[in-house]
J.: 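Just passing along the structure, written as structure tokens.
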Amino acid sequence: MNSTIRLVIRFVVLVLLQVLVLNHVRLGGYMNPYLYVLFVLLLPFSISGWALLMLSFFLGFTVDVFSNTGGIHAAATVLMALFRPNLVKLYYSKEDFEPNASPSLKYMGFQYFLGYSLVLVSIHHLALFSLEVFRFSEFGFTFLRALLSIALTLLIIIISQYLFYVKK
Amino acid sequence: MRNLFTFIWRNHFYFLFALLEVIAFALIINSTVYQRWVFVNSTQKITGSVYSVYANLQEYFNLRNTNQILARENALLHQALQHPTYRHDEKPFGKDSLPYPSQYQYIDAKVISNTVTLRNNYLMLNKGKRHGVDKDMAVISSNGIVGIVINASNNFSWVMSVLNDNTKINGKLLKDNYQGSLTWDGGNYRTGTLSDLPAHVGLAQGDTIVTSGYSLLFPEGIMIGTIEDFNIGKGDHFYTIKVHFSVDYNNLRYVYVVKNLMRKEQISVMKHL
């Protein structure tokens, strides 16, 4: 129960932060952070596949509704969720983790958490930016925007991990 | 049959994934600019109210700046009136005292959501059909052009920003009336591109670009921006001009919706051609 409430709060906070603040950020003309994916990154290891997909879709859809972008966030977030179980399996076998454990910098260690986030955030951002532009003629520019945004999103994710989860 | 169900059950993760992606893509395809309004209308009630609350809150932080802009605009308007008191000698000021019927009506509105970061950007205004705002009306701010209304519900309207692939606006040089068309090619939200201006025209950095008045939407002479840079491609007969927008689209608060009262008449004239 306690962890459910925490998930709901995290969902609401991340969506509001995204649509009210981060959607308006354009650092250096290129970089838009999409921090809301952090919600999917931090779902517990033990979550079942269908719940992971449904939550990802719902998260993306909510951001879409607020940004009037049709379904591009939903499509990108669900695509990202598809890769999460296999990526988690690379690091851990099923017996390894404690019940209710979630991916975090503290739990996985800096190197693994960074790799895990890098792969998922990259999948999400590349899909999202391609869908948003929806044409190939501006591919180079879109790719550059995506790369820079991936870096910025990752930076914010790592900072947020240090702020909220790594306590000595 | 049972094997099929077993197969689906064993791979339900991938089937669910495919299903959700199909739904997402259906949403994307159904949301191209002109069909998007159906979706917008139904969800606007919720998102509109969230953005209204947020915009109200944000307003307080911009009060000083907004006041300055309004004061400057008031001064400009006073200047444009040209000693209104002298008119009383000729004719008392009344309902019919304007010599010609006016072509444009201005409706003030507040921006409650706005983006500049996407390839195709839109704004939401807090005025809708109830206030006389409808689609195909121009939107300007006191600093220059903003966009075009593409849909309106009763209380809100949805504006295609200048920062949008689908927006093309006819602009002209203020000093000698040569005209070209203005687009935004992504990237920096402070600059756009003016093309189709013939190469024999003399240009200088800082020249002013205003709306030409050739469209049925924008009145003539609304500020677009100033020339930041220009060049002619090899073997080309037209300039490619980098225009610095006069409006900072990231900092929009109050705008005017411009209603062209003679639009119907203008369209009917064109139809007869």
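Not measured: the values here are computed from a predicted model. Scope of the values below: all heavy atoms of this structure, side chains included, with no hydrogens, waters or symmetry mates.
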J.: Quick one: are A:Leu131 and B:Ile28 in side-chain contact, heavy atoms under 4.5 Å?
T.: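 SC-SC contact between A:Leu131 and B:Ile28 confirmed.
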
J.: Please confirm whether the backbone N or O of A:Val78 pairs with a side-chain atom of B:Glu21, one donor and one acceptor, at under 3.5 Å?
T.: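 Pair absent, no side-chain N/O of B:Glu21 close to backbone of A:Val78.
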
J.: Indicate every side-chain donor-acceptor pair of residues 133-147 of chain B with a distance under 3.5 Å to a residue at least two apart or in another chain.
T.:
residue: B:Asp136; atom: OD2; partner: B:Arg263; partner atom: NH2; Å: 3.4
residue: B:Ser141; atom: OG; partner: B:Asn143; partner atom: N; Å: 3.1
residue: B:Asn143; atom: OD1; partner: B:Arg72; partner atom: NH2; Å: 3.3

J.: Given the options B:Tyr189, B:Tyr14, B:Phe17, which has more heavy-atom pairs under 4.5 Å with chain A than any of the others?
T.: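 Ranked by heavy-atom pairs under 4.5 Å with chain A, first place is B:Phe17.
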
J.: Taking every heavy-atom pair that is under 4.5 Å apart, which of A:Ala76, A:Ala75, A:Gly49 has the most such pairs with chain B?
T.: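 Heavy-atom pair counts peak at A:Ala75.
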
J.: About how many Å separate CG of B:Leu19 and CZ of A:Phe57, when rounded to the nearest 0.5 Å?
T.: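 Reported value, rounded in 0.5 Å steps: 8.5 Å.
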
J.: Search all heavy atoms of A:Arg145 against all heavy atoms of B:Leu118 and return the closest pair with its distance.
T.: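 Nearest heavy atoms, A:Arg145 then B:Leu118: NH2-CA, 4.3 Å.
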
J.: Heavy-atom pairs under 4.5 Å with chain B are the metric here; pick the option from A:Asn23, A:Leu16, A:Leu79, A:Leu52 that has the most.
T.: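 Option with the top pair count is A:Leu79.
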
J.: Answer yes or no: are there more than 12 heavy-atom neighbours, outside B:Phe15 itself, under 6.0 Å from its atom CZ?
T.: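 Above 12, so yes.
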
J.: Output the distance between atom CG (B:Leu27) and atom CZ (A:Phe61), rounded to the nearest 0.5 Å.
T.: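 Separation between the atoms: 6.0 Å.
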
J.: Taking C-beta and beyond as the side chain, do B:Leu16 and A:Met54 meet within less than 4.5 Å on heavy atoms?
T.: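 Yes; the side chains approach each other to less than 4.5 Å.
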
J.: What's the spacing between A:Phe141 CZ and B:Asp185 CG if we round to 0.5 Å?
T.: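 These two atoms lie 8.5 Å from each other.
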
J.: I'd like to know whether CZ of A:Phe58 has more than 12 heavy-atom contacts from other residues, nucleotides or ligands below 6.0 angstrom.
T.: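 Check fails, neighbour count at 12 or below.
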
J.: Check ring-ring contact (aromatic ring centres under 6.0 Å, His included) between B:Phe13 and all other residues, then give those that pass, not counting sequence neighbours.
T.: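 B:Phe13 satisfies ring-ring contact (aromatic ring centres under 6.0 Å, His included) with no other residue.
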
J.: Does any backbone or side-chain atom of A:Asn32 lie under 4.5 Å from a heavy atom of chain B? Answer side chain, backbone, both or neither.
T.: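 Answer is side chain: those atoms of A:Asn32 sit under 4.5 Å from chain B.
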
